[in-house]
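All remarks here apply to the structure that follows.
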Amino acid sequence: MLFIIVHQAYELWFKQLGHELGSVMKMFSDLDMDEKEIFTAVSRLQRCITILRLLVDQVKIIETLTPLDFLDFRNYLLPASGFQSFQFRHFEVLLGLKVGRRTTYGQKDYRGPFTQEQQNTLTEAENNDSLLQQVESWLERIPFLQFENFDFLSEYKKAIDRMYASEEKALNETHIEEKHKNFRKQMLAANREYFDNVLDEVKHQESIKEGKTRLSYKATIGALLINLYRDEPILQLPYQLLSSLVEIDELLTSWRQRHVQMVMKAIGRKMGTGGSSGHDYLKKTADQHNIFTDLTNISTLMIPRSELPILPNGLKKKLGFYFTNA
């Protein structure tokens with residue numbers, strides 16, 4: 001009874017997650033999206049976050065079953081498994097986890113366990129833009145990257161040069177052993193190389209072709225601008241939107257990791273009821289089924305507030321609340 005109730009509750013919440021996500025995607029499907037809808041989108045993504053936190057906590061309930069309790073009825077589950085949760089698979093695809101980026105078991109199509117109608121729905125979702133692709137398109141349309149004589153990217157690169165010059169100077173003046181100093185210099189050089197690779201459009205395109213990166217160059221620069229100038233009034237909601245997507249990704253990973261731990265405690269390394277390798281397969285999905293990694297990686301490109309390029313007055317007004325008696 002406990003096993004059935006917990007999994008039925010999961011399915012209800014998966015249905016709600018799909019409903020919330022569908023409503024957000026409808027907003028982003030319009031290229032002329034009303035920016036007023038960003039608040040609504042953030043609110044609904046925050047609701048998804050609250051639900052996902054609940055789902056992570058719900059693992060504790062199923063863990064009240066000891067291995068002996070579970071093994072008493074496990075054979076009756078065959079061949080049922082989590083692979084048969086259509087609503088969760090649909091939610092993943094809508095977010096952006098499509099077939100080419102999935103970890104499979106036995107080279108099986110993840111759509112296999114479902115009815116023809118459900119398979120058609122998943123195929124349609126695969127062929128349409130995911131939320132990740134919609135957000136990418138939205139980020140590419142973010143203004144302010146070029147404003148009159150202000151070129152954000154060139155000013156940002158100058159700020160990076162200043163930041164690294166300051167760090168190298170501080171390192172040279174630090175009284176530590178030479179071998180430790182050299183190690184830190186190597187780390188600085190590696191970090192600098194990361195900046196250079198991300199900010200080089202040609203290298204960025206190569207990274208996309210290799211499957212290491214998903215967001216386009218222009219979308220990445222747009223996300224960087226939003227993260228750096230998050231304090232400006234007009235960019236506060238866009239920043240909350242990007243942060244919500246990152247948190248959804250984190251919570252899905254947390255849920256998968258808790259599932260892995262639960263499975264290890266319940267059945268160890270036994271084969272899963274659906275025919276997978278059980279623990280090993282689930283661990284791979286927790287490690288690899290990330291969707292908004294490119295947004296998470298923006299943190300690597302952050303610089304101190306003190307180093308932020310100063311915005312021209314005209315752009316400051318555009319990004320703020322400007323009132324006049326005229």
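Residue indices begin at 1 and follow the sequence shown. Predicted model only: the values in this text are computed from it and were never measured.
- The distance from atom CG of Leu242 to atom CZ of Arg230, rounded to the nearest 0.5 Å, is 10.0 Å.
- A salt bridge links Arg258 and Glu63; the closest N-O separation between the charged side-chain nitrogens and carboxylate oxygens is under 4.0 Å.
- Between Trp13 and Phe88, the ring centre distance reaches or exceeds 6.0 Å.
- The CD1 atom of Ile298 sits 11.5 Å away from the OG1 atom of Thr293 when rounded to the nearest 0.5 Å.
- Cluster membership check: Val263 shares its hydrophobic cluster with Trp255, using side-chain heavy-atom separations under 4.5 Å among Ile, Leu, Val, Met, Phe, Trp and Tyr.
- By the rule that hydrophobic residues join a cluster once side-chain heavy atoms approach within less than 4.5 Å of another member, Phe73 and Ile62 end up as members of one cluster.
- For the pair Arg111 (side chain) and Gln116 (backbone), a donor-acceptor distance under 3.5 Å is absent.
- Side chain of Tyr10 to backbone of Leu55: a donor-acceptor contact under 3.5 angstrom is found.
- Looking at Arg102 and Glu92, a side-chain N of the basic residue comes within less than 4.0 Å of a carboxylate O on the acidic one, giving a salt bridge.
- Salt bridge Asp57/Arg53: absent, no basic N to carboxylate O contact under 4.0 Å.
- In terms of modelled atom types and a separation under 3.5 Å, the side chain of Gln84 and the main chain of Phe114 share no donor-acceptor contact.
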Practice task
Decide yes or no on side chain to side chain contact (heavy atoms under 4.5 Å, CB included) for Leu45 and Gln240, but give the supporting numbers first.
Solution key: CA-CA 10 Å; Leu45 290 175; Gln240 289 179 41; over 6 Å; no
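- Between Thr115 and Gln119, the closest side-chain pair of non-hydrogen atoms is not below 4.5 Å.
- Residues Ser244 and Val42 share a closest heavy-atom pair of OG-CG1, 4.3 Å.
- Remark: side-chain polar atoms of Thr253 are paired, donor with acceptor, to backbone N or O of Asp249 under 3.5 angstrom.
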Handout entry: Test log, rule side chain to side chain contact (heavy atoms under 4.5 Å, CB included), inputs Leu2 and Val6
Key = CA-CA 6 Å; Leu2 178 66; Val6 167; 4.0 Å; yes
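- Here the straight-line distance linking atom CD of Gln236 with atom CG of Leu319 works out to 10.5 Å at 0.5 Å rounding.
- No donor-acceptor distance shorter than 3.5 angstrom exists from the side chain of Ser137 to the backbone of Gln134, with no hydrogens or angles considered.
- A distance-only check finds no donor-acceptor pair linking the side chain of Arg47 to the backbone of Gln16 [under 3.5 Å].
- Between Leu188 atom CG and Gln186 atom CD the span is 10.5 Å, to the nearest 0.5 Å.
- Side-chain atoms of His19 never come within 3.5 Å of backbone atoms of Lys15 as a donor-acceptor pair (strictly under, hydrogens ignored).
- For the pair Asn297/Thr220, no side-chain contact is recorded, criterion being any heavy-atom separation below 4.5 Å from C-beta on.
- Leu225 and Pro143 get closest at one heavy-atom pair: CD2-O, 3.8 Å.
- In this structure the side chain of Lys181 never reaches within 4.5 angstrom of the side chain of Glu177, judged on heavy atoms.
- Put simply, the side chain of Val99 does not reach to within 4.5 Å of the side chain of Leu122, judged on heavy atoms.
- The ring of Phe14 has its center no closer than 6.0 angstrom to the ring center of Phe86.
- In this structure the side chain of Phe70 reaches within 4.5 angstrom of the side chain of Phe3, judged on heavy atoms.
- The pair Lys185-Glu168 does not count as a salt bridge, with every side-chain nitrogen at least 4.0 angstrom from each carboxylate oxygen.
- With Glu155 contributing its side chain and Pro309 its backbone, the two residues share no donor-acceptor pair below 3.5 Å.
- Put simply, the side chain of Tyr156 does not reach to within 4.5 Å of the side chain of Asp151, judged on heavy atoms.
- Atom CZ in Phe292 sits 10.5 Å away from atom CG in Asp294 (nearest 0.5 Å).
- Annotation: the span from Lys316 atom NZ to Ile234 atom CD1 amounts to 11.5 Å, rounded to 0.5 Å.
- The closest donor-acceptor contact from the side chain of Ser207 to the backbone of Lys203 lies at 3.5 Å or more, if one exists at all.
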Handout entry: Test log, rule side-chain hydrogen bond (donor to acceptor under 3.5 Å, both in side chains), inputs Thr66 and Asp69
Key = CA-CA 5 Å; Thr66 69; Asp69 293 331; 3.0 Å; yes
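- Counting non-hydrogen atoms of neighbouring residues, nucleotides and ligands closer than 6.0 angstrom, the CG atom of Asn149 reaches no more than 12 such neighbours.
- Under the 3.5 Å distance criterion, the side-chain polar atoms of Tyr217 are left unmatched by any main-chain donor or acceptor of Asp200.
- Between Leu94 and Ser130 there is no side-chain heavy-atom pair separated by less than 4.5 Å.
- A heavy-atom distance below 4.5 Å is found between the side chains of His204 and Thr213.
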